[in-house]
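Below is one structure; the comments refer to it alone.
First listed ligand is number 1; within each ligand, the first listed atom is number 1. Both backbone and side-chain heavy atoms feed into the values below; hydrogens, waters and symmetry mates do not. Count residues from 1 along the sequence.
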Amino acid sequence: MTSSTNQFLKPITTKVNDAGNLEIGGCDLVELADKYGTPLYVIDEKTLRAVCNDYKNAFAKYPKTRMMYASKALCVCAISKILSEEGFGFDTVSAGEIYTVYKAGVDMSNVLFNGNNKSYDELSLALDLGVGRISVDNFLELALLNEIAHSKNKTVDILLRITPGIECHTHEYIQTGHLDSKFGFDLTQIDDAVELVLNEYKNLKIHGLHAHIGSQIFETSIYPDEIEILVRELARLDEKFGLKLDEINIGGGIGVKYTEKDVPPSIYDIGSIVIQKLEEAVKKYNVDYPTLFLEPGRSIISTSGVTLYTVGSSKQVPHGKKYVAVDGGMADNPRPSMYQAEYVAEVANKKDNAEMEKVTVAGRFCESGDVLIPEIELPKLDEGDILCVYNTGAYNYSMASNYNKVSKPAMVLVNNSQSDIIINRETLDDLIANEVIPDRLAK
Ligand code: LLP
């Protein structure tokens with residue numbers, strides 16, 4: 001079976017250049033670190049476009065597929081522009097994400113708004129900016145959305161988010177489709193929701209059903225299980241209410257390769273499994289071929305991204321570990337401390353003939369738990385060496401914080417030996433930009 005870009009650990013343009021340094025997108029990583037400072041997020045445009053092509057080719061046989069990038073993985077104007085150029089729409093979950101893609105100039109009819117507790121203001125913004133679909137999660141939201149739509153004299157196109165009751169093997173915090181999940185209508189609540197829309201909420205129009213099972217998934221079987229339930233429900237709602245729904249959204253979740261141990265599925269495999277199952281289910285339940293929405297986030301952006309750090313202090317614990325500290329850590333990549341996520345790193349600068357040693361890569365934040373890589377064998381590190389941590393494109397910048405009042409790193413896009421800033425490094429003034437000293441304290 002054809003391999004896909006999410007199955008690689010490193011960006012596809014990664015190589016060692018003539019100077020003996022690591023290079024990505026034709027850019028020497030040591031030069032990037034020097035020019036832009038560290039920590040630095042680097043995104044390789046070729047890898048990103050290669051994943052987009054994987055998705056498009058894998059689903060080409062089903063022309064009614066709509067790819068909606070889950071922008072929670074990394075929501076940045078420049079990245080949104082690339083994805084929109086590649087024909088992707090966007091799954092958004094907040095006013096901030098909606099506004100970002102809007103400012104990037106994407107076609108808002110190709111944007112979907114998800115979330116289990118959307119506010120009045122967020123729903124209102126979504127309607128004002130012309131977001132194409134709202135995936136309604138619960139009864140409160142149905143009522144609220146209808147009220148807002150009514151006040152604006154609009155009809156809103158919605159999906160119903162359902163909890164299909166499927167479990168997957170991933171970290172408990174990133175499972176969402178199991179029965180006691182906080183997301184979506186339980187299967188037993190769908191009919192009540194539909195009845196409300198048909199009989200009372202006249203400003204809402206249902207187009208289909210939406211589910212999402214979890215994230216960083218390696219099993220391929222969850223998608224057929226999910227499609228079976230979604231298509232069965234379409235048929236059942238048609239029979240019971242005469243309601244013809246023609247859209248299903250199977251969410252995201254496809255995994256990536258953080259370490260050699262990880263064996264994520266090929267996007268091509270997923271494509272054929274999904275399409276085959278869809279054909280079977282459509283025949284079995286005698287419904288029309290629905291439009292198929294996909295919402296991948298991590299598998300789109302993770303492999304394209306790396307983070308560069310500068311090595312600083314180190315500590316050999318007598319008869320214990322050797323810690324090597326870098327100039328970032330849990331604030332720019334909270335995943336190791338939140339989910340025990342594992343990462344692989346390499347030294348970016350020339351280190352020929354250096355002895356190898358086992359080290360713990362520690363962050364610079366004031367917590368013992370701020371460890372990026374608990375154990376890795378690397379060439380003996382010196383202060384000033386540049387460390388490149390792979391597969392940090394997804395859920396790193398998007399979950400970054402200013403813990404310890406440290407500025408968020410810059411991000412550069414690399415391609416064909418060119419590097420461009422897409423997020424400026426936060427300045428010290430940015431860090432206090434929203435702070436106010438009340439007049440009574442200002443004396
Ligand atoms: N659609 C919905 C409704 C979702 O909740 C998510 C992710 C996605 C799509 C995209 O899933 P992906 O293709 O990226 O797996 N912060 C965690 C991941 C949380 C994912 C939440 N929902 C992490 O760093 O692993």
Side-chain angles (χ1 to χ4, degrees), residues 4-6 51-52 54-55 66-75 79 83 88-94 97 111-118 133-138 141 159-164 166 168-178 181-185 208-220 222-223 226 230 248-259 262 264-265 267 270 274 292-305 307 330 332-343 372 391-401:
S4 57
T5 315
N6 64 311
V51 185
C52 294
D54 288 337
Y55 268 102
R66 283 180 67 183
M67 308 283 182
M68 313 296 276
Y69 165 64
S71 56
K72 59 177 77 67
L74 177 66
C75 188
I79 300 296
L83 287 161
F88 279 62
F90 296 84
D91 155 33
T92 58
V93 290
S94 67
E97 290 187 354
V111 174
L112 172 84
F113 186 22
N114 258 315
N116 70 314
N117 193 22
K118 307 176 187 81
R133 290 283 180 280
I134 300 199
S135 180
V136 178
D137 186 276
N138 54 64
E141 186 183 336
L159 303 178
L160 291 181
R161 168 86 183 255
I162 66 161
T163 316
I166 297 171
C168 56
H169 299 108
T170 186
H171 194 287
E172 165 188 11
Y173 291 1
I174 52 181
Q175 282 187 356
T176 52
H178 52 295
S181 161
K182 73 170 179 176
F183 296 101
F185 293 97
L209 302 176
H210 173 205
H212 169 79
I213 307 297
S215 200
Q216 184 58 359
I217 297 172
F218 292 170
E219 303 136 279
T220 50
I222 62 139
Y223 294 101
E226 195 185 0
L230 288 168
I248 61 168
N249 180 336
I250 61 170
I254 297 177
V256 299
K257 190 179 184 73
Y258 287 110
T259 71
D262 294 335
I267 293 165
I270 301 280
V274 164
L292 170 72
F293 287 76
L294 305 177
E295 280 174 351
R298 186 191 319 265
S299 54
I300 298 280
I301 194 67
S302 183
T303 320
S304 319
T307 308
M330 66 189 292
D332 57 78
N333 181 2
R335 302 194 68 261
S337 44
M338 275 183 92
Y339 318 116
Q340 299 82 44
E342 294 181 62
Y343 285 87
L372 280 177
N391 240 302
T392 60
Y395 303 114
N396 272 231
Y397 176 76
S398 68
M399 299 209 305
S401 76

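- Between Tyr339 and ligand 1, at least one pair of N/O atoms sits closer than 3.5 Å.
- Residues Ala73 and Ser398 come closest through the heavy atom pair O-OG, 3.1 Å.
- Each of the atoms 12 (P), 13 (O), 14 (O) of ligand 1 lies under 4.0 Å from some heavy atom of Gly297.
- Contact annotation: for Val93 versus ligand 1, there are no heavy atoms closer than 4.0 Å.
- Checked by distance only, ligand 1 and Arg335 come closer than 3.5 Å through their nitrogen or oxygen atoms.
- Ligand 1 has a nitrogen or oxygen under 3.5 angstrom from a nitrogen or oxygen of Arg298.
- The OG1 atom of Thr163 sits 7.5 Å away from the CG atom of Asp137 when rounded to the nearest 0.5 Å.
- With a heavy-atom cut-off of 4.0 Å, Ser215 touches ligand 1 through backbone and side chain alike.
- Taking every heavy atom of Met399 and a limit of under 4.0 angstrom, the matching atoms of ligand 1 come to 16 (N), 24 (O).
- No donor-acceptor contact under 3.5 angstrom links the side chains of Thr392 and Asn333, judged on distance only.
- Ligand 1 places these atoms under 4.0 Å from at least one heavy atom of Ala70: 8 (C), 9 (C), 10 (C).
- Between Phe88 and Tyr69, the ring center distance fails the sub-6.0 Å criterion.
- Interface of Gly252 with ligand 1, defined as ligand atoms under 4.0 Å from a residue heavy atom, comprises 9 (C), 13 (O).
- For the residue pair Thr259 / Glu342, no side-chain donor-acceptor distance below 3.5 Å is found, with atom types taken as modelled.
- Residues forming a ring-ring contact (aromatic ring centres under 6.0 Å, His included) with Tyr55 (at least two apart in sequence, or on another chain): none.
- Residue contact annotation: Gly253 has a non-hydrogen atom under 4.0 Å from ligand 1.
- Heavy atoms of Pro296 come nearer than 4.0 angstrom to ligand 1 in at least one pair.
- A heavy-atom separation below 4.0 Å is not found between Met338 and ligand 1.
- Of all the heavy atoms of His212, the ones lying under 4.0 Å from any atom of ligand 1 belong exclusively to the side chain.
- Using modelled atom types, one finds a donor on one side chain and an acceptor on the other under 3.5 Å when comparing Asp54 with Thr5.
- A side-chain donor from one of Glu295 and Asn114 sits under 3.5 Å from a side-chain acceptor of the other.
- Remark: Ala70 engages Lys72, Asp91 in a side-chain contact (heavy atoms from CB on, under 4.5 Å) (not counting sequence neighbours).
- Ligand 1 places these atoms under 4.0 Å from at least one heavy atom of Asp91: 1 (N), 9 (C).
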